[in-house]
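Below you'll find the structure, written out as structure tokens, and then a few comments.
Throughout, a chain's letter reflects where its sequence line sits, starting with A, and its residues are numbered from 1.
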Amino acid sequence: MPELPEVETLRRQVEGALAGTVWERVTAVPASVFRTPARDLQDGLAGARLLRVGRRGKILLLAFDGGQTLLVHLGMSGQLLLCPPVSPPPRHHHLTVGLEDGRMLVYRDPRRFGFVRLARDADLSDLRELAGVGHDPLDGSRSWEEFASGFAGRAGAVKAVLLQQDMLAGIGNVYADEILHEARVQPTRGAGTLTPPEKKNLFHAVRDLLARAVSLGGTSFDEAFVDLFGRPGLYGMHLKVYGRSGEPCTRCHTRLKEATVGGRSSVFCPHCQV
DNA sequence: AGTAGGACCTGGTGGC
DNA sequence: TGCCACCAGGTCCTAC
């Protein structure tokens, strides 16, 4: 569930709150989320200083001195939490980091769809986790024509294409539905059938909607996401279709429908999305 | 080649 | 009240 806006919210917070801090007392509870053995995580991170925090799609990149980078993917239930000193670690914690000032950084992921990997900077370009990450929608250097060319030859539903991380990185099920509603395109439409004006609308909807969601700290649905300080994102109250099947469309008041597209539940307006 | 669908995992929910 | 089947999601893997 954490998608680009939620991960970007965390990136800014982690960098703002923790850049320059030394990670002491690193404890890794062995779990399937670790793609680096727990012992190697502990040995590699203990005493390291966090320099900066980047993002590729939904993956956080925590760069440390000593030439190492920690990759963190939140899957659908992952959280990074900054806890006060001497508080007990929350349930389902996998990685806990004692900081210099006594606070504790916790990575937890109840459903374990996320992953954590520690890599040498020199090896980053070879990692399979990063190989399939495409263009970042918030990077303004791309024209709508370049965006549109990515749809050429794609035979699947337009929503399935939006979810493919190798083309456009960071969009998940929630924002895909919201973007398609804003662009007035049905999720089941074949990607190759979109007209140039529709692709232009979609391009702007992707950028505008994700930027708005970032500015509100992302979306917290069923409390699946909270930020570094345990607070929910505020974009949830602006959702137009996700989680609203059967309710009236905010634009034309037609009852919203639900369908399965690309194996994912999808909500859309059968009237004003064509 | 490109697409579709299942597996992974577990908390929450709805039905009996 | 208690139990169980089922659903949600992102990504990887396998099957067409």
Inset, instruction - Go through C:dT11, C:dC13, C:dA8 for me and flag the one nearest to the A:R128 side chain. - result: C:dC13

Inset, instruction - Mind running salt bridge (Lys or Arg N to Asp or Glu O under 4.0 Å) on A:D136 and A:R55 for me, showing each step along the way? - result: CA-CA 9 Å; A:D136 197 284; A:R55 180 181 58 76; 2.7 Å; yes

Legend entry - Rounded interatomic separation in angstrom, taking NZ from A:K58 and P from C:dC12: 11 Å

Inset, instruction - Rounding to 10 degrees, work out the angle separating the end axes of the helix from B:dG2-C:dC16 to B:dC16-C:dG2 (five pairs an end). - result: 50°

Inset, instruction - Strictly below 4.0 Å, heavy-atom distances to any atom of DNA chain B: list the hits from residues 107-114 of chain A, or just say none. - result: A:P110, A:R111, A:R112, A:F113

Inset, instruction - Mind checking A:S77 for me? I need base, sugar-phosphate or nothing, with any heavy atom below 4.0 Å counting as a touch. - result: nothing

Legend entry - Length of the line joining A:D177:CG and C:dG10:P, which is rounded to integer Å: 10 Å

Legend entry - Interatomic distance where OH belongs to A:Y242 and C1' belongs to C:dG10 [whole Å]: 12 Å

Legend entry - Path from A:L228 to A:L45 over hydrophobic side-chain contacts below 4.5 Å: yes

Inset, instruction - Starting at atom CD of A:Q164, determine the distance to atom C1' of B:dG2, rounded to an integer number of angstrom. - result: 9 Å

Inset, instruction - Would you mind reporting whether A:R142 and A:L168 have side-chain heavy atoms less than 4.5 Å apart? - result: yes

List, one per line, each side-chain donor-acceptor pair under 3.5 Å for residues 27-34 of chain A, sequence neighbours excluded.
none

Legend entry - Spacing between A:F34 atom CZ and B:dC8 atom P, to the nearest angstrom: 21 Å

Inset, instruction - Map A:H92 and A:A157 onto DNA chain B by nearest heavy atom, then report which one ends up closer to the 5' terminus. - result: A:A157

Inset, instruction - From the options C:dC12, C:dG10, B:dG11, select the nucleotide whose nearest atom is closest to the side chain of A:R264. - result: C:dG10

Inset, instruction - May I ask you to verify if any side-chain N or O of A:Q165 is less than 4.0 angstrom from the OP1 or OP2 atom of C:dG10? - result: no

Inset, instruction - Could you pull out the closest heavy-atom pair between A:T219 and A:G236, with the gap in Å? - result: CG2-CA, 3.8 Å

Legend entry - Salt-bridge criterion met for A:R112 and A:D109 (N-O under 4.0 Å): no

Inset, instruction - In sequence, state the C-alpha distance, the side-chain angles, and the governing distance for A:R117 and A:E129, and then conclude on salt bridge (Lys or Arg N to Asp or Glu O under 4.0 Å). - result: CA-CA 9 Å; A:R117 174 171 205 148; A:E129 285 88 349; 2.9 Å; yes

Legend entry - Ion pair check, A:E182 and A:R212, cut-off under 4.0 Å: yes

Inset, instruction - Quickly work out the A:M167 CE to B:dT3 C1' distance and round it to whole Å. - result: 16 Å

Inset, instruction - Could you tell me whether A:G263 contacts a base, only the sugar-phosphate backbone, or nothing, with contacts defined as non-hydrogen atoms closer than 4.0 Å? - result: nothing

Inset, instruction - Take the protein atom CG of A:L168 and the nucleotide atom P of C:dG10, then report the distance between them rounded to whole Å. - result: 14 Å

Legend entry - Spacing between A:L130 atom CG and C:dT11 atom P, to the nearest angstrom: 12 Å

Inset, instruction - Might you work through the salt bridge (Lys or Arg N to Asp or Glu O under 4.0 Å) test for A:E145 and A:K199, ending with a clear yes or no? - result: CA-CA 8 Å; A:E145 288 92 344; A:K199 282 184 269 199; over 6 Å; no

